[in-house]
Structure formats: structure tokens, C-alpha cells
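One structure is given below, encoded as C-alpha cells.
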Protein chains: 2
Amino acid sequence: MMSEQEKQAPRRRAANTAPSGQGQFESGTRQTLADRIYEQLHHDITNLILPPGTPILEREVASDFDASRTPVREAVLRLVKEMLVEVVPKSGTFVARIPLSILPEALVARRALERDLVARAATSATAAQKLHLRAIIEDNRDAADAGKQSEFDKTDSAFHAQIAEMSGFPGLWRVIQQIKTPMDRHRHLTLPVANRMHQVVTEHSQIADAIEAGDAERAAECMDHHLSQLKSDTLDALERYPNYFIVDMDPSDLK
Amino acid sequence: MMSEQEKQAPRRRAANTAPSGQGQFESGTRQTLADRIYEQLHHDITNLILPPGTPILEREVASDFDASRTPVREAVLRLVKEMLVEVVPKSGTFVARIPLSILPEALVARRALERDLVARAATSATAAQKLHLRAIIEDNRDAADAGKQSEFDKTDSAFHAQIAEMSGFPGLWRVIQQIKTPMDRHRHLTLPVANRMHQVVTEHSQIADAIEAGDAERAAECMDHHLSQLKSDTLDALERYPNYFIVDMDPSDLK
DNA sequence: CTGGTATATCTGGTATACTAGTTACCAAGA
DNA sequence: TCTTGGTAACTAGTATACCAGATATACCAG
């Protein structure tokens with residue numbers, strides 16, 4: 001039987017215990033509404049469905065998703081950190097323009113990272129991993145043959161993710177993904193290059209050849225050559241879409 | 001004079017126009033309460049003031065900052081994306097444990113990126129930039145002489161930021177900063193190595209020597225050697241603080 | 001002493017409201 | 001026709017409330 005004092009005070013319990021397993025880094029953590037909104041906006045921004053400068057009205061997006069502003073705001077804040085959205089306090093939220101400098105930076109970072117990863121892959125990949133890589137290249141080819149750019153992009157990502165896997169540092173694919181986002185956006189601003197998908201398949205095959213030969217240096221060189229092809233005509237894109245970019249460097253330095 | 005109908009309907013205005021200047025990427029954008037809370041938590045987590053597993057009670061943090069849950073939640077969500085905090089839905093939010101695999105990944109990424117950046121710096125740095133680098137090394141030395149680890153860490157970061165600046169790709173310092181966060185956290189778990197600060201100063205000087213000599217390859221090798229020293233005794237840290245880590249790889253692979 | 005159950009107290013995720021800052025727009029005056 | 005000031009309609013940032021899920025704890029039967 002409690003005293004009057006005990007009866008009046010709600011019982012206080014200890015804080016919950018910390019997780020001890022793999023935690024949130026396990027696969028299959030549940031997705032929130034904010035996650036779904038983020039993914040949709042991320043996709044639309046990256047694929048130029050929402051071009052730079054487009055206002056993102058939180059209340060409108062909320063209405064579209066039958067949601068409140070809170071998860072929309074949470075999604076938008078993530079996109080801000082990824083430089084995909086820019087917020088002008090009290091004025092509005094807009095699809096971010098692409099800072100010109102970010103493109104060569106992304107290319108330099110990718111080249112440095114992926115040369116290293118592919119060299120490591122050439123040294124340490126297992127037979128099973130090599131076979132898996134070849135299977136992905138076949139997927140590349142199928143998508144190229146079918147002329148499906150979107151499908152092709154997915155298989156292209158699978159290729160580079162597999163290289164990270166084979167290097168022994170699979171987590172670095174997440175770093176590369178983040179780095180390459182401006183490049184993905186930019187690619188939609190450039191004219192499609194005839195037969196480029198098939199050229200990529202050829203370059204992927206050359207990389208796989210070098211890996212299978214255990215030739216780390218050649219694998220690195222092939223990867224570097226492959227990535228250097230991505231240096232699309234940014235000057236042309238800037239000329240055609242001047243409002244899509246922030247000119248934060250001398251454009252003539254892009255050559 | 002409006003008709004009755006016009007009078008009843010509130011006037012609808014156009015959406016605000018998109019920004020056209022440098023936008024949010026200019027310096028000096030104003031700081032929100034969420035920003036301040038994020039910075040404090042980021043600092044406390046990185047510096048092990050809040051060790052892995054510590055519960056982060058949104059309502060308590062809100063009370064500490066005399067704020068509501070909203071900006072706390074926004075700050076926490078940023079930390080989640082940076083893998084500094086893990087959320088168990090409806091149960092609690094905790095300072096994230098360090099996935100073991102992230103440490104060698106961070107080292108590999110830093111080595112790949114900073115070898116490349118320092119080689120470029122050796123090739124293209126201006127005289128002014130080289131002098132500035134020397135000045136930073138003197139700051140390194142002063143902090144080492146004074147035995148001030150925290151101050152030394154700041155000057156160490158300044159050194160690496162300056163290398164990115166000199167390479168012509170200053171934005172990559174942000175990428176490196178993000179990559180190195182797990183390393184920063186981990187360093188607080190390892191025993192201080194006698195005279196390590198002065199050793200770092202020496203290694204920084206060697207890097208500067210190579211840059212001044214215009215020797216890109218030597219600069220890259222010196223940087224790589226320097227970064228490889230950071231491979232602190234993770235096995236020892238794991239042994240001393242097993243609850244601070246998520247063991248997502250074979251620890252014997254850390255050698 | 002232990003396992004099962006009920007319950008109260010936590011939690012994160014989301015909805016809604018409020019405030020202060022920004023800006024589109026309009027009317028008046030030069 | 002242009003300029004300017006006022007205002008209403010926007011906005012982002014933050015506060016507060018609610019709900020459903022998770023869990024610590026008390027209690028009881030075996």
C-alpha cells in the first residue's frame with residue numbers, strides 16, 4: 001500500500017537500454033514518411049524532373065503526399081545537406097543550382113578513389129566476385145542493346161558498387177554515390193552522345209579484363225580512362241542552361 | 001472598385017522568385033537553433049564527451065537548450081545521416097557505436113584522395129599558398145610545443161584543408177572532413193602516443209618540402225606515409241571498449 | 001526463484017499552430 | 001509612366017500536442 005505521496009508521484013522508470021546488436025546499420029530498417037518524400041524529391045531533382053530553380057513549396061509537397069509539413073521539412077533538410085536544395089530563409093526553398101566547381105571536384109575525387117579501389121580489386125578479388133562482375137557487364141550490355149538509359153544507369157551503378165565490394169571496402173560505394181550526385185544531375189543537361197552506352201560497356205569489359213589478369217596498374221589506368229570520359233561538355237551545358245548553374249569558378253578553367 | 005466576388009477571394013500571389021546570386025553557398029548564412037544544437041552534439045560525440053551508447057533524450061536536450069523538440073530532432077536527424085547517432089524507433093536515440101569496418105575504409109579513402117590532392121598541389125600551388133602552408137606548420141609546431149592537443153587538432157585540419165586549397169579543389173576538404181569523422185572519434189579511444197604531435201609536424205614539413213620542390217610523386221608518398229601512421233591500434237581500442245564498436249568485420253583483418 | 005502478464009511510462013514520428021521575416025502586388029503621388 | 005510606401009500573402013523556423021509502438025517494472029502463479 002503506497003503512502004499518499006507515492007500515490008501522487010507518477011512512477012519514474014529508467015531510460016531505455018542502448019541497442020547491442022548491429023543496430024540501424026542492419027538491412028531492413030523501416031522507412032518513414034520523410035524517407036519516402038526524400039526519395040521522391042531526390043529522384044526528381046537528380047533526374048531533372050525538377051530543374052534547378054524550381055520552387056519547392058513545403059505545403060504543396062505535403063499536400064501531394066497527403067502529409068503534414070513536418071516530414072516534408074525533414075526530407076528537404078536532408079536535400080539541403082546534399083546541396084540539392086537551397087533554402088532562402090522566410091522566402092522559399094528551391095531546387096539548387098549546380099555550383100560549377102563541384103563538377104571537376106567530383107571527377108577528381110572519383111578518379112582518385114576508384115583508381116585505388118579497382119587496383120585493390122585486381123589484387124584481392126575472389127573468383128566468385130569476378131564472375132559476378134562479368135554478369136553485371138552482361139546486364140550493362142542488355143540495357144545498352146535495348147536502348148534503355150535509365151535501366152542502363154542502374155547497371156552502371158551496380159558495376160561500380162561491385163568494384164568497391166571486390167576491393168574489400170564496400171562502404172566506400174556510399175561515399176562515391178554521394179560524390180557523384182552532381183555528375184548525375186549534370187549528365188541530364190548534356191546532349192546524349194551517340195553509342196556512349198556501348199562504349200561504357202567496352203570500357204567496363206576492359207576493366208574486368210585487367211582485374212582478371214591481376215594487373216592492378218592496368219585496372220587503375222582503365223578505370224581512370226573510363227571516368228575521364230565522363231568529363232562531358234560542361235561549357236556547352238552552361239551555355240544552354242545558364243540559370244541551372246552557380247558560376248563559382250572561371251568557366252574557362254573547365255577545359 | 002472590385003466586384004463582390006473579387007472582394008471575397010483573397011488575392012493570390014505568384015510564388016517567390018528563385019535566388020540568382022551565389023545563394024546559400026555564400027559564406028555567412030545565418031545559423032538556426034537546430035544548427036547550434038547540431039554543432040554541440042557533434043562536438044560532444046566526436047570528442048567522446050558523449051560515448052557510444054549514451055542515450056540522447058530529445059526532450060532532455062530540448063530542455064538543456066531551452067528549446068522545443070523540433071530543432072533537436074532536426075539536429076539529431078543530421079547526426080543520424082553522419083552515422084554518429086542511431087535511432088531505435090519508439091525506443092530511443094543513442095550515440096552510435098563505431099562500425100569497425102568504417103575505420104579502414106576511412107583510411108583507404110583519405111589515402112587515395114589526399115595522395116592525389118597533394119600531388120596536384122605540388123604541381124600547381126602558388127608561391128603565396130606555399131608560404132601559407134609553412135605558416136600553418138609553424139602553428140602546428142607551436143601547438144605541439146605547448147602540448148595542447150585540441151589546438152593541435154585544429155592546426156592539423158588547417159594543414160590538410162590548405163592542401164586541398166592548393167590542389168585547386170578546395171571543396172574536397174568537405175568530403176575529407178566527412179570521411180575522417182570516424183577516425184577522429186576513434187583517436188580519442190586510443191592511448192596518446194608519446195611525441196606524436198611533433199612527429200606529425202615533422203611529417204607535415206616533409207610534405208611541404210616535396211611541394212616546394214615541385215616533386216609530385218614524393219609529395220604523394222610523404223602524404224601516404226603520414227596518413228598511414230594514423231592507423232592506430234584499433235584492436236587495442238576494441239579490447240578496451242568493446243561496447244563502443246559494432247563488430248561488422250573480422251577484427252583480425254585490421255592488422 | 002522464475003516465467004508470464006498487465007500496466008504505466010517512456011519513445012519517435014507526425015500533425016497542427018504560431019511567429020517573425022520576406023516579397024509580390026497595388027494604389028497613390030509625382 | 002515611374003516611384004514609393006503600405007499591406008496582404010507568402011515563407012521558414014520553431015513550439016506544442018497527439019498517437020502508436022516499445023519497454024521497464026510490478027505483480028502473481030507455479
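Quick note: numbers below take in every heavy atom, side chains included, and nothing from hydrogens, waters or symmetry partners. In what follows, every chain begins at residue 1, and chains take the letters A, B, ... in the order their sequences are listed.
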message: OP1 or OP2 of D/dT23 versus the side-chain N and O atoms of B/Ser91: is any pair under 4.0 Å?
response: yes
task: Report the residues that fulfil salt bridge (charged side-chain N to carboxylate O under 4.0 Å, His left out) with B/Asp44, sequence neighbours left out, ordered by chain and then residue number.
output: none
field: Nucleotide pairing, DNA chain D (Watson-Crick or G-U, distances under 3.5 Å), in dot-bracket with [ ] and |
entry: ||||||||||||||||||||||||||||||
- prompt: Rounding to a whole Å, what distance do you find between A/Tyr38:OH and C/dT14:P?
  reply: 16 Å
query: Which of the following nucleotides, D/dA12, C/dT14, C/dA24, is nearest to the side chain of A/Val87?
result: D/dA12
message: Judged by each residue's nearest nucleotide on DNA chain C, which is more toward the 5′ side, B/Leu77 or A/Ala14?
response: A/Ala14
Could you give the side-chain donor-acceptor pairs of residues 54-64 of chain B under 3.5 Å, partners two or more places apart or in another chain?
| from | atom 1 | to | atom 2 | distance (Å) |
| --- | --- | --- | --- | --- |
| B/Thr54 | OG1 | B/Pro51 | O | 2.6 |
| B/Glu58 | OE1 | B/Arg69 | NE | 2.9 |
| B/Glu58 | OE1 | B/Arg69 | NH2 | 2.8 |

Between C1' of D/dA8 and CG of B/Asn16, the distance in whole Å: 13 Å
message: Assess, by modelled atom type and distance only, whether the side chains of A/Glu82 and A/Tyr38 contain a donor and an acceptor separated by less than 3.5 Å.
response: yes
Return all side-chain donor-acceptor pairs below 3.5 angstrom for residues 105-112 of chain A, not counting sequence neighbours, or 'none' if the list is empty.
| from | atom 1 | to | atom 2 | distance (Å) |
| --- | --- | --- | --- | --- |
| A/Glu105 | OE2 | B/Gly171 | N | 2.9 |
| A/Arg110 | NE | A/Glu114 | OE2 | 2.7 |
| A/Arg110 | NH2 | A/Glu114 | OE2 | 2.8 |
| A/Arg111 | NE | A/Asp224 | OD1 | 3.0 |
| A/Arg111 | NE | A/Ser228 | OG | 3.4 |
| A/Arg111 | NH2 | A/Asp224 | OD2 | 3.1 |

- prompt: Hey, does the side-chain of A/Lys90 have a donor or acceptor N/O within less than 3.5 Å of a partner on the base of C/dG21?
  reply: no
task: For A/Asp250, enumerate each residue passing the side chain to side chain donor-acceptor pair (under 3.5 Å) test, keeping only those at least two apart in sequence or located in another chain.
output: A/Ser252
task: Supply the atom-to-atom distance B/Thr234 OG1 to B/Met183 CE, rounded to the nearest 0.5 angstrom.
output: 9.0 Å
field: Atom-to-atom span, CD of A/Glu74 to P of C/dG12 - whole angstrom
entry: 12 Å
- request: Mind checking side chain to side chain contact (heavy atoms under 4.5 Å, CB included) for A/Ala158 and listing every partner two or more places apart, or none if nothing turns up?
  value: A/Ile136
field: Residues that B/Asp153 engages under salt bridge (charged side-chain N to carboxylate O under 4.0 Å, His left out), provided they are two or more places apart
entry: B/Arg187
task: Classify the side chain of A/Arg13 versus the base of D/dA24 as yes if they form a donor-acceptor pair under 3.5 Å and no if they do not.
output: no
- request: Please state how far atom CZ in A/Phe94 lies from atom P in D/dT11, giving the value in whole angstrom units.
  value: 10 Å
message: Walk me through whether B/Thr155 and B/Asn140 qualify under side-chain hydrogen bond (donor to acceptor under 3.5 Å, both in side chains).
response: CA-CA 5 Å; B/Thr155 65; B/Asn140 292 168; 2.9 Å; yes
task: Mind checking salt bridge (charged side-chain N to carboxylate O under 4.0 Å, His left out) for B/Asp236 and listing every partner two or more places apart, or none if nothing turns up?
output: B/Arg240
task: Determine which pairs satisfy ring-ring contact (aromatic ring centres under 6.0 Å, His included) with at least one residue from residues 158-180 of chain B, sequence neighbours left out, and list them in order.
output: B/Phe159-B/His204, B/His160-B/His204, B/His160-B/His226
message: Can you measure A/Arg36 atom CZ to C/dG13 atom P for me and round it to whole angstrom units?
response: 15 Å
message: Would you say B/Thr93 places a side-chain N or O within less than 4.0 Å of OP1 or OP2 belonging to C/dT11?
response: no
- prompt: Separation of A/Gln31 atom CD from C/dT14 atom P, in whole Å?
  reply: 10 Å
Find every protein N or O atom lying less than 3.5 Å from an N or O atom of nucleotides 3-7 of chain D, and list the pairs.
none

statement: Here the residues of residues 57-73 of chain B within 4.0 Å heavy-atom distance, strictly under, of DNA chain C are B/Leu57, B/Glu58, B/Arg59, B/Arg69, B/Arg73
field: Spacing of A/Leu33 atom CG relative to D/dA20 atom C1', expressed in whole Å
entry: 15 Å
- request: Calculate the interatomic distance between B/Ile56 atom CD1 and C/dC10 atom C1'; express it in whole Å.
  value: 17 Å
task: Write out all pairs satisfying salt bridge (charged side-chain N to carboxylate O under 4.0 Å, His left out) with one or both partners inside residues 155-180 of chain B, taking only residues at least two apart or from two chains.
output: B/Lys180-B/Asp184
